[in-house]
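The structure appears right after this line, and notes come after that.
Letters A, B, ... are given to chains in the order of the sequence lines, protein chains preceding strands, and every chain is numbered from 1. Only a predicted model underlies this, so the values are computations on that prediction, with no experimental measurement involved.
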2 protein chains.
Amino acid sequence: MEATEHDKRKCPSHLSTGECNKQLLPVKDALDILSGKWKLQIILSLTFGKKRFRQIQREIPGLTPKMLSKELKELEINELAVRHVYDTLPVTIEYELTPYGRTLKPLIAELHKWGTKHRKRIIAGSRKKSG
Amino acid sequence: MEATEHDKRKCPSHLSTGECNKQLLPVKDALDILSGKWKLQIILSLTFGKKRFRQIQREIPGLTPKMLSKELKELEINELAVRHVYDTLPVTIEYELTPYGRTLKPLIAELHKWGTKHRKRIIAGSRKKSG
DNA sequence: TATACCGGTATACAAAAGGAAAGCGATATA
DNA sequence: TATATCGCTTTCCTTTTGTATACCGGTATA
(Lines give C-alpha, C1' and ligand atoms only; values in the text may rest on other atoms or scores of the structure.)
Protein backbone atom coordinates (compact mmCIF):
# COMPACT_ATOMS: atom_id res chain seq x y z
CA MET A 1 0.00 0.00 0.00
CA GLU A 2 2.98 2.35 0.20
CA ALA A 3 5.68 0.77 -1.88
CA THR A 4 6.83 1.57 -5.40
CA GLU A 5 3.58 1.51 -7.30
CA HIS A 6 3.00 5.26 -7.40
CA ASP A 7 5.04 6.11 -10.43
CA LYS A 8 2.64 8.75 -11.66
CA ARG A 9 1.88 10.35 -8.33
CA LYS A 10 3.29 13.85 -7.96
CA CYS A 11 1.04 16.50 -6.57
CA PRO A 12 -2.41 16.19 -5.08
CA SER A 13 -4.76 15.43 -7.93
CA HIS A 14 -6.25 18.92 -7.92
CA LEU A 15 -2.90 20.58 -8.55
CA SER A 16 -0.82 20.52 -11.72
CA THR A 17 2.96 20.75 -11.50
CA GLY A 18 2.71 24.32 -12.68
CA GLU A 19 0.27 25.22 -9.93
CA CYS A 20 2.53 23.59 -7.37
CA ASN A 21 5.42 25.73 -8.46
CA LYS A 22 3.23 28.79 -8.36
CA GLN A 23 2.55 28.06 -4.72
CA LEU A 24 6.27 28.19 -4.13
CA LEU A 25 6.81 31.66 -5.53
CA PRO A 26 5.77 33.55 -2.40
CA VAL A 27 7.90 31.23 -0.29
CA LYS A 28 10.86 32.05 -2.48
CA ASP A 29 10.11 35.75 -2.20
CA ALA A 30 10.22 35.59 1.56
CA LEU A 31 13.40 33.55 1.44
CA ASP A 32 15.09 35.94 -0.96
CA ILE A 33 14.37 38.91 1.21
CA LEU A 34 16.14 37.33 4.14
CA SER A 35 18.97 35.77 2.14
CA GLY A 36 22.32 37.40 1.49
CA LYS A 37 25.30 37.46 3.76
CA TRP A 38 24.49 40.66 5.68
CA LYS A 39 20.71 41.12 5.47
CA LEU A 40 19.81 39.61 8.81
CA GLN A 41 22.52 41.49 10.64
CA ILE A 42 21.45 44.76 9.07
CA ILE A 43 17.80 44.16 9.89
CA LEU A 44 18.75 43.21 13.41
CA SER A 45 20.83 46.35 13.75
CA LEU A 46 17.90 48.48 12.64
CA THR A 47 15.46 46.82 15.04
CA PHE A 48 17.27 48.68 17.82
CA GLY A 49 16.66 52.12 16.36
CA LYS A 50 17.46 54.48 13.54
CA LYS A 51 21.01 54.22 12.35
CA ARG A 52 23.37 56.15 10.13
CA PHE A 53 25.32 54.48 7.35
CA ARG A 54 28.72 54.45 9.00
CA GLN A 55 27.16 53.50 12.26
CA ILE A 56 25.72 50.30 10.84
CA GLN A 57 28.99 49.58 9.14
CA ARG A 58 30.93 49.96 12.38
CA GLU A 59 28.55 47.63 14.17
CA ILE A 60 28.98 44.85 11.67
CA PRO A 61 32.63 43.86 11.31
CA GLY A 62 33.64 42.95 7.77
CA LEU A 63 30.76 44.71 6.11
CA THR A 64 31.97 46.87 3.22
CA PRO A 65 30.21 50.07 2.14
CA LYS A 66 29.39 48.53 -1.21
CA MET A 67 27.53 45.63 0.35
CA LEU A 68 25.82 47.80 2.91
CA SER A 69 24.68 50.18 0.22
CA LYS A 70 23.36 47.34 -1.89
CA GLU A 71 21.51 45.61 0.91
CA LEU A 72 19.98 48.85 2.19
CA LYS A 73 18.68 49.57 -1.29
CA GLU A 74 17.03 46.17 -1.39
CA LEU A 75 15.44 46.78 1.98
CA GLU A 76 14.15 50.10 0.68
CA ILE A 77 12.76 48.61 -2.51
CA ASN A 78 10.88 46.08 -0.46
CA GLU A 79 9.62 48.82 1.84
CA LEU A 80 11.20 47.18 4.84
CA ALA A 81 13.38 50.19 5.61
CA VAL A 82 13.25 53.93 4.90
CA ARG A 83 16.03 56.36 4.22
CA HIS A 84 15.62 59.69 5.96
CA VAL A 85 17.50 62.74 4.73
CA TYR A 86 17.77 65.50 7.30
CA ASP A 87 18.39 69.04 6.15
CA THR A 88 21.51 69.66 8.20
CA LEU A 89 24.88 70.79 7.00
CA PRO A 90 26.25 68.49 5.80
CA VAL A 91 23.12 66.40 5.33
CA THR A 92 22.50 63.68 7.85
CA ILE A 93 21.06 60.40 6.69
CA GLU A 94 19.37 57.79 8.79
CA TYR A 95 17.92 54.41 8.03
CA GLU A 96 14.95 53.03 9.88
CA LEU A 97 12.88 49.88 9.80
CA THR A 98 9.33 50.51 8.64
CA PRO A 99 6.34 49.13 10.54
CA TYR A 100 6.03 46.77 7.62
CA GLY A 101 9.64 45.72 8.12
CA ARG A 102 8.73 44.83 11.66
CA THR A 103 6.18 42.33 10.40
CA LEU A 104 9.17 40.15 9.60
CA LYS A 105 9.67 39.60 13.29
CA PRO A 106 7.38 36.58 13.78
CA LEU A 107 8.80 35.03 10.63
CA ILE A 108 12.35 35.43 11.85
CA ALA A 109 11.22 34.07 15.19
CA GLU A 110 9.91 30.93 13.46
CA LEU A 111 13.17 30.51 11.60
CA HIS A 112 15.00 30.92 14.88
CA LYS A 113 12.82 28.35 16.56
CA TRP A 114 13.30 25.72 13.91
CA GLY A 115 16.96 26.56 13.49
CA THR A 116 17.66 26.20 17.18
CA LYS A 117 16.12 22.73 17.31
CA HIS A 118 18.00 21.80 14.19
CA ARG A 119 21.34 22.93 15.63
CA LYS A 120 20.79 20.75 18.67
CA ARG A 121 19.77 17.79 16.56
CA ILE A 122 22.63 17.93 14.11
CA ILE A 123 25.31 18.65 16.67
CA ALA A 124 23.99 15.82 18.88
CA GLY A 125 23.93 13.57 15.82
CA SER A 126 27.52 14.20 14.85
CA ARG A 127 28.67 13.50 18.38
CA LYS A 128 26.91 10.16 18.26
CA LYS A 129 28.40 9.14 14.96
CA SER A 130 31.87 8.74 16.45
CA GLY A 131 30.76 7.57 19.89
CA MET B 1 13.33 62.31 21.99
CA GLU B 2 13.85 60.07 18.98
CA ALA B 3 16.26 61.99 16.76
CA THR B 4 20.01 61.57 16.36
CA GLU B 5 21.19 61.38 19.94
CA HIS B 6 21.50 57.61 20.19
CA ASP B 7 24.90 57.16 18.67
CA LYS B 8 25.94 54.38 20.99
CA ARG B 9 22.68 52.43 20.97
CA LYS B 10 22.96 49.09 19.22
CA CYS B 11 21.57 46.07 20.93
CA PRO B 12 19.51 45.86 24.09
CA SER B 13 21.83 46.58 26.97
CA HIS B 14 21.97 42.96 28.07
CA LEU B 15 23.31 41.79 24.71
CA SER B 16 26.76 42.40 23.23
CA THR B 17 27.19 42.60 19.47
CA GLY B 18 28.71 39.14 19.59
CA GLU B 19 25.72 37.74 21.41
CA CYS B 20 23.40 39.35 18.90
CA ASN B 21 25.17 37.65 16.04
CA LYS B 22 25.07 34.37 17.89
CA GLN B 23 21.29 34.68 18.01
CA LEU B 24 21.32 34.91 14.24
CA LEU B 25 23.16 31.66 13.64
CA PRO B 26 20.12 29.37 13.99
CA VAL B 27 18.13 31.71 11.76
CA LYS B 28 20.84 31.42 9.13
CA ASP B 29 20.84 27.66 9.48
CA ALA B 30 17.14 27.48 8.78
CA LEU B 31 17.52 29.85 5.87
CA ASP B 32 20.40 27.91 4.37
CA ILE B 33 18.48 24.68 4.47
CA LEU B 34 15.69 26.15 2.41
CA SER B 35 17.90 28.21 0.10
CA GLY B 36 19.22 27.03 -3.22
CA LYS B 37 17.44 27.10 -6.49
CA TRP B 38 15.79 23.68 -6.30
CA LYS B 39 15.46 22.79 -2.61
CA LEU B 40 11.88 23.85 -2.15
CA GLN B 41 10.70 22.12 -5.27
CA ILE B 42 12.47 18.93 -4.29
CA ILE B 43 11.04 19.03 -0.79
CA LEU B 44 7.61 19.69 -2.23
CA SER B 45 7.98 16.79 -4.62
CA LEU B 46 8.87 14.48 -1.75
CA THR B 47 5.94 15.57 0.39
CA PHE B 48 3.73 13.66 -2.03
CA GLY B 49 5.48 10.35 -1.52
CA LYS B 50 8.66 8.38 -2.06
CA LYS B 51 10.34 9.16 -5.32
CA ARG B 52 13.12 7.78 -7.45
CA PHE B 53 15.94 9.94 -8.74
CA ARG B 54 14.84 10.20 -12.34
CA GLN B 55 11.28 10.59 -11.27
CA ILE B 56 12.05 13.73 -9.30
CA GLN B 57 14.13 15.01 -12.16
CA ARG B 58 11.31 14.49 -14.62
CA GLU B 59 8.90 16.34 -12.38
CA ILE B 60 11.08 19.41 -12.12
CA PRO B 61 11.86 20.85 -15.55
CA GLY B 62 15.37 22.22 -15.86
CA LEU B 63 16.77 20.32 -12.92
CA THR B 64 20.05 18.65 -13.87
CA PRO B 65 21.25 15.42 -12.27
CA LYS B 66 24.22 17.25 -10.82
CA MET B 67 22.05 19.70 -8.93
CA LEU B 68 19.55 17.06 -7.88
CA SER B 69 22.31 14.87 -6.54
CA LYS B 70 23.83 17.75 -4.63
CA GLU B 71 20.60 18.93 -3.10
CA LEU B 72 19.49 15.44 -2.12
CA LYS B 73 22.80 14.94 -0.33
CA GLU B 74 22.25 18.11 1.63
CA LEU B 75 18.77 16.98 2.58
CA GLU B 76 20.23 13.68 3.73
CA ILE B 77 22.99 15.31 5.78
CA ASN B 78 20.38 17.40 7.52
CA GLU B 79 18.24 14.31 8.09
CA LEU B 80 15.34 15.81 6.21
CA ALA B 81 15.29 13.00 3.67
CA VAL B 82 16.41 9.36 3.58
CA ARG B 83 17.82 7.38 0.74
CA HIS B 84 16.48 3.84 0.54
CA VAL B 85 18.36 1.17 -1.37
CA TYR B 86 16.23 -1.81 -2.34
CA ASP B 87 17.91 -5.11 -3.07
CA THR B 88 16.50 -5.59 -6.54
CA LEU B 89 18.38 -6.22 -9.74
CA PRO B 90 19.45 -3.63 -10.63
CA VAL B 91 19.13 -1.85 -7.32
CA THR B 92 16.20 0.47 -6.89
CA ILE B 93 16.69 3.68 -5.00
CA GLU B 94 14.04 5.84 -3.44
CA TYR B 95 14.11 9.10 -1.57
CA GLU B 96 11.68 9.92 1.15
CA LEU B 97 11.05 12.81 3.50
CA THR B 98 11.72 11.92 7.12
CA PRO B 99 9.22 12.76 9.85
CA TYR B 100 11.78 15.36 10.87
CA GLY B 101 11.73 16.76 7.36
CA ARG B 102 8.00 17.19 7.73
CA THR B 103 8.57 19.49 10.68
CA LEU B 104 9.56 22.09 8.09
CA LYS B 105 5.95 22.33 7.05
CA PRO B 106 4.80 25.03 9.48
CA LEU B 107 7.93 27.04 8.76
CA ILE B 108 7.32 26.89 5.03
CA ALA B 109 3.73 27.81 5.71
CA GLU B 110 4.88 30.93 7.57
CA LEU B 111 7.16 31.87 4.71
CA HIS B 112 4.27 31.34 2.34
CA LYS B 113 2.00 33.52 4.43
CA TRP B 114 4.40 36.42 4.65
CA GLY B 115 5.48 36.04 1.03
CA THR B 116 1.92 36.12 -0.21
CA LYS B 117 1.18 39.37 1.59
CA HIS B 118 4.43 40.79 0.35
CA ARG B 119 3.66 39.92 -3.26
CA LYS B 120 0.36 41.73 -3.02
CA ARG B 121 1.94 44.75 -1.40
CA ILE B 122 4.82 45.14 -3.81
CA ILE B 123 2.80 44.49 -6.94
CA ALA B 124 0.14 46.96 -5.76
CA GLY B 125 2.89 49.45 -4.98
CA SER B 126 4.53 49.27 -8.38
CA ARG B 127 1.17 49.76 -10.06
CA LYS B 128 0.67 52.89 -8.02
CA LYS B 129 4.07 54.35 -8.81
CA SER B 130 3.14 54.94 -12.44
CA GLY B 131 -0.58 55.63 -11.90
C1' DT C 1 48.04 72.68 4.35
C1' DA C 2 46.99 67.96 6.06
C1' DT C 3 43.94 64.93 8.15
C1' DA C 4 39.54 62.77 9.16
C1' DC C 5 34.56 61.99 8.95
C1' DC C 6 30.23 61.65 6.17
C1' DG C 7 27.51 58.87 2.50
C1' DG C 8 28.33 56.69 -0.60
C1' DT C 9 30.26 55.02 -5.98
C1' DA C 10 33.58 52.64 -9.23
C1' DT C 11 36.71 49.20 -10.53
C1' DA C 12 38.87 44.94 -10.30
C1' DC C 13 39.04 40.61 -8.61
C1' DA C 14 37.95 35.98 -6.18
C1' DA C 15 34.82 32.61 -4.64
C1' DA C 16 30.54 30.22 -4.81
C1' DA C 17 26.50 28.70 -7.18
C1' DG C 18 24.57 26.89 -11.09
C1' DG C 19 24.25 25.05 -16.10
C1' DA C 20 25.53 21.96 -20.28
C1' DA C 21 27.17 18.03 -21.82
C1' DA C 22 29.45 13.81 -21.70
C1' DG C 23 30.28 9.53 -19.65
C1' DC C 24 30.18 5.19 -16.51
C1' DG C 25 28.86 0.42 -15.14
C1' DA C 26 25.01 -2.09 -14.82
C1' DT C 27 20.68 -4.16 -16.88
C1' DA C 28 17.10 -4.68 -20.29
C1' DT C 29 15.14 -4.74 -25.04
C1' DA C 30 15.38 -5.33 -30.06
C1' DT D 1 25.25 -5.22 -32.07
C1' DA D 2 22.80 -0.97 -31.03
C1' DT D 3 19.73 1.41 -28.10
C1' DA D 4 17.60 2.81 -23.76
C1' DT D 5 16.92 3.17 -18.65
C1' DC D 6 18.81 3.69 -13.98
C1' DG D 7 21.61 6.52 -10.56
C1' DC D 8 24.57 9.02 -10.58
C1' DT D 9 29.85 11.62 -11.36
C1' DT D 10 33.03 14.50 -13.96
C1' DT D 11 34.55 18.36 -16.54
C1' DC D 12 34.21 22.77 -18.21
C1' DC D 13 31.97 27.01 -18.41
C1' DT D 14 28.95 31.17 -17.13
C1' DT D 15 26.52 33.83 -13.83
C1' DT D 16 25.88 35.52 -9.37
C1' DT D 17 27.62 36.93 -5.05
C1' DG D 18 30.78 38.93 -2.26
C1' DT D 19 35.61 41.23 -1.24
C1' DA D 20 39.31 44.72 -1.54
C1' DT D 21 40.61 49.01 -2.56
C1' DA D 22 40.49 53.42 -4.12
C1' DC D 23 38.06 57.36 -4.80
C1' DC D 24 34.50 61.47 -4.91
C1' DG D 25 32.57 66.09 -3.11
C1' DG D 26 31.51 68.12 1.00
C1' DT D 27 32.54 69.62 5.89
C1' DA D 28 35.20 69.93 10.05
C1' DT D 29 39.43 70.13 12.88
C1' DA D 30 44.27 71.06 13.66
Shared hydrophobic cluster for A:Leu72 and A:Val82 (ILVMFWY, side-chain gaps under 4.5 Å):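 In one cluster: no.
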Do we see a donor-acceptor contact under 3.5 Å between the side chains of B:Thr98 and B:Glu79? no
Using atom [atom1] of [X] as one end and atom [atom2] of [N] as the other, report the distance to the nearest whole Å.
{"X": "A:Lys37", "N": "D:dT16", "atom1": "NZ", "atom2": "C1'", "value": "15 Å"}
{"X": "A:Asp32", "N": "D:dT17", "atom1": "CG", "atom2": "P", "value": "9 Å"}
{"X": "B:Leu72", "N": "D:dG7", "atom1": "CG", "atom2": "P", "value": "11 Å"}
{"X": "B:Leu75", "N": "D:dC8", "atom1": "CG", "atom2": "P", "value": "13 Å"}
{"X": "B:Gln57", "N": "D:dT5", "atom1": "CD", "atom2": "P", "value": "12 Å"}
{"X": "B:Lys28", "N": "D:dG18", "atom1": "NZ", "atom2": "P", "value": "10 Å"}
{"X": "A:Leu89", "N": "C:dG7", "atom1": "CG", "atom2": "C1'", "value": "14 Å"}
{"X": "A:Glu71", "N": "C:dG7", "atom1": "CD", "atom2": "P", "value": "18 Å"}

Would you say [X] places a side-chain N or O within less than 4.0 Å of OP1 or OP2 belonging to [N]?
{"X": "B:Thr64", "N": "C:dG18", "value": "no"}
{"X": "A:Arg58", "N": "C:dC6", "value": "yes"}
{"X": "A:Tyr86", "N": "C:dC6", "value": "no"}
{"X": "A:Arg52", "N": "C:dG7", "value": "yes"}

Assign each of A:Met67 and B:Phe53 the nucleotide of DNA chain D bearing its closest heavy atom; nearer the 5' end lies the nucleotide of B:Phe53
Which part of the nucleic acid does [X] contact within heavy-atom distance under 4.0 Å: base, sugar-phosphate only, or nothing?
{"X": "B:Gly62", "result": "nothing"}
{"X": "B:Pro90", "result": "sugar-phosphate"}
{"X": "B:Leu68", "result": "nothing"}

Would you kindly check if the NZ (Lys) or CZ (Arg) of B:Arg52 is within the cone defined by 45 degrees around the ring axis of B:Tyr95 and under 6.0 Å from the six-membered ring centre?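 Ring-cation test returns no.
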Is A:Met67 close to A:Thr64 at the side-chain level, that is, under 4.5 Å between some pair of heavy atoms?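 Of all side-chain heavy-atom pairs linking A:Met67 with A:Thr64, at least one is under 4.5 Å.
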Could you go step by step and tell me if A:Glu110 and A:Lys113 meet the salt bridge (Lys or Arg N to Asp or Glu O under 4.0 Å) rule? CA-CA 5 Å; A:Glu110 272 295 307; A:Lys113 209 170 99 189; 3.3 Å; yes
Quick one: the side chain of B:Lys66 and the base of D:dT9, do they pair up donor-acceptor inside 3.5 Å?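 Check fails, no donor-acceptor contact within cut-off.
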Identify, between B:Lys70 and B:Arg54, the residue whose nearest nucleotide on DNA chain C lies closer to the 5' end. B:Lys70
